[in-house]
Amino acid sequence: MYIENILADVHEAVTPLIGQGTVADYIPGLASVNPNQFGMAVAMNNGAVYGVGDWRVPFSTQSITKVFALVLELARDGEKIWQRVGREPSGSGFHSMAELEKSKGIPRNPFVNSGALVVTDALLSVTDGDPDAVLNFLRAENSDPDIHVDEDVAASEALHGDRNAAIAHLLASYGNLVHPVQDVLTAYFRQCAIAMDCRDLAAAGAFLARAGLRSDGSRMLTASQNKRVNSVMLTSGMYDAAGDFAFQVGLPGKSGVGGGILAVVPGRCTVCVWSPGLNASGNSLVGVRALDEFTTRTGWSVF
Ligand code: GLN
């Protein structure tokens, strides 16, 4: 099986759909993206990386970075974070506050915004308050200093961040933030605004398909922690459409409102796909279809 051929076939299959869906506009910094773009990269466990389309065009990673924040926190702090964040699918939108009130400030999972804000707070504690821990990790994994925070997007998120600020204040009112709300929000917005391409994201997440081992053989997570991150991606990585994604694609995945999705085929590869138009659940419309085509053609799935 030649991955290049599979990627070419997937690209051809989704081409009629490219441009469909709605580009996220609740963060004005994202609204100006050209919707007619599509890229996909596959990072194999042997180190080879393949790509098609706009796979080298940087895009706004948004919530995909929530995976890396969780991983960095787990790597440095062990299992402590699970006392502050749950592991259940939320059943409501990614920036819902309703659940949080009922659970007295314990977010449902680390991939809804409330959970990610708690993870960001915990990460600030173990990095001496570094708001760019995730950025530095992603740069180091790819030896690429060009991976950057899109300052316009970060500023735009902050300017239109009333809901995230409200969530952070609610968390603080329940004692589930250690740092000042403003510091947590700044780090969170910077993390969401990281811009990078499909190739670099697939490569940075490669340890997720290798039981926690990085490409240089060093350990990022224990095999057990790694399995757990993948399980939370499967159950909670696609907002309210995690069930549908498991049904259609059959892989752990994490999406972002910038139109990217990072998916993991444990034991084989990571896949990153990007196309800005979102479906009604806030996931990349073409991205989900492309992953569906990919798993159908390869037969790779966790089921
Ligand atoms: N920065 C976005 C927000 O917090 C990230 C949301 C997302 O990608 N789901 O609203």
Side-chain angles (χ1 to χ4, degrees), residues 21-33 58-70 85 89-100 107-121 123 131-132 134-135 138 149-171 177 181-196 201 205 232-233 235-242 245 253-263 272-285 287-288:
T22 317
V23 173
D25 59 1
Y26 76 102
I27 304 167
L30 291 183
S32 54
V33 172
F59 63 92
S60 192
T61 54
Q62 293 294 321
S63 286
I64 298 175
T65 54
K66 292 177 166 82
V67 175
F68 294 101
L70 174 66
V85 183
S90 75
S92 47
F94 60 86
H95 44 32
S96 164
M97 299 178 70
E99 297 285 344
L100 197 56
R108 295 286 287 188
N109 65 65
F111 296 151
V112 286
N113 287 13
S114 52
L117 287 162
V118 172
V119 172
T120 300
D121 180 61
L123 196 54
D132 288 325
V134 173
L135 174 69
L138 293 170
V149 171
D150 183 326
E151 300 291 347
D152 289 345
V153 172
S156 168
E157 298 222 29
L159 204 60
H160 299 269
D162 287 336
R163 180 163 281 264
N164 283 318
I167 294 172
H169 281 288
L170 192 56
L171 289 166
L177 288 187
V181 163
Q182 199 46 54
D183 295 359
V184 176
L185 287 172
T186 298
Y188 173 78
F189 291 142
R190 290 186 68 73
Q191 174 186 304
C192 287
I194 292 172
M196 58 196 285
L201 258 178
V232 182
M233 287 174 76
T235 54
S236 311
M238 305 294 292
Y239 316 129
D240 220 5
F245 188 76
K254 181 75 207 84
S255 59
V257 290
I261 304 172
L262 177 64
C272 182
V273 62
W274 168 62
S275 194
L278 306 179
N279 62 23
S281 313
N283 297 313
S284 171
L285 186 149
V288 174

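Treat the numbers as computed from the prediction; the structure is a model and nothing was measured. In each ligand, atom 1 is the first atom listed, and ligand 1 is the first ligand listed.
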Trainee: Hey, does the side chain of Thr61 reach the backbone of Ile194 with a donor-acceptor pair shorter than 3.5 angstrom?
Mentor: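 Yes, Thr61 side chain to Ile194 backbone: donor-acceptor pair under 3.5 Å.
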Trainee: Taking the side chain from Lys254 and the backbone from Gly237, do they hold a donor-acceptor pair closer than 3.5 Å?
Mentor: yes
Trainee: For the pair Asp132 (side chain) and Leu135 (backbone), establish whether a donor and an acceptor sit closer than 3.5 Å, ignoring hydrogens and angles.
Mentor: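 It does not hold such a pair.
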Trainee: For residues 155-162, please give each side-chain donor-acceptor pair under 3.5 Å, one per line with the distance, not counting sequence neighbours.
Mentor:
residue, atom, partner, partner atom, Å
Ser156, OG, Gly29, N, 2.9
Glu157, OE2, Gln62, NE2, 2.8

Trainee: Ignoring hydrogens and angles, tell me if any N or O in the side chain of Asn283 forms a donor-acceptor pair with the backbone of Met238 under 3.5 Å.
Mentor: yes
Trainee: Are there any protein N or O atoms under 3.5 Å from the N or O atoms of ligand 1? List them with distances, or say none.
Mentor:
residue, atom, partner, partner atom, Å
ligand 1, 1 (N), Gln62, OE1, 2.6
ligand 1, 1 (N), Glu157, OE1, 2.5
ligand 1, 1 (N), Glu157, OE2, 3.3
ligand 1, 4 (O), Asn113, ND2, 2.9
ligand 1, 4 (O), Asn164, ND2, 3.0
ligand 1, 4 (O), Tyr188, OH, 2.6
ligand 1, 8 (O), Ser63, N, 3.2
ligand 1, 8 (O), Ser63, OG, 2.6
ligand 1, 8 (O), Tyr239, OH, 3.3
ligand 1, 8 (O), Val257, N, 2.9
ligand 1, 9 (N), Ser63, OG, 2.8
ligand 1, 9 (N), Tyr239, OH, 2.7
ligand 1, 10 (O), Tyr26, OH, 2.7
ligand 1, 10 (O), Asn113, ND2, 3.4

Trainee: Counting N and O atoms only, with roles assigned by atom type, does the side chain of Arg190 sit under 3.5 Å from a partner on the main chain of Pro131, one being a donor and the other an acceptor?
Mentor: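 No, Arg190 side chain to Pro131 backbone: no donor-acceptor pair under 3.5 Å.
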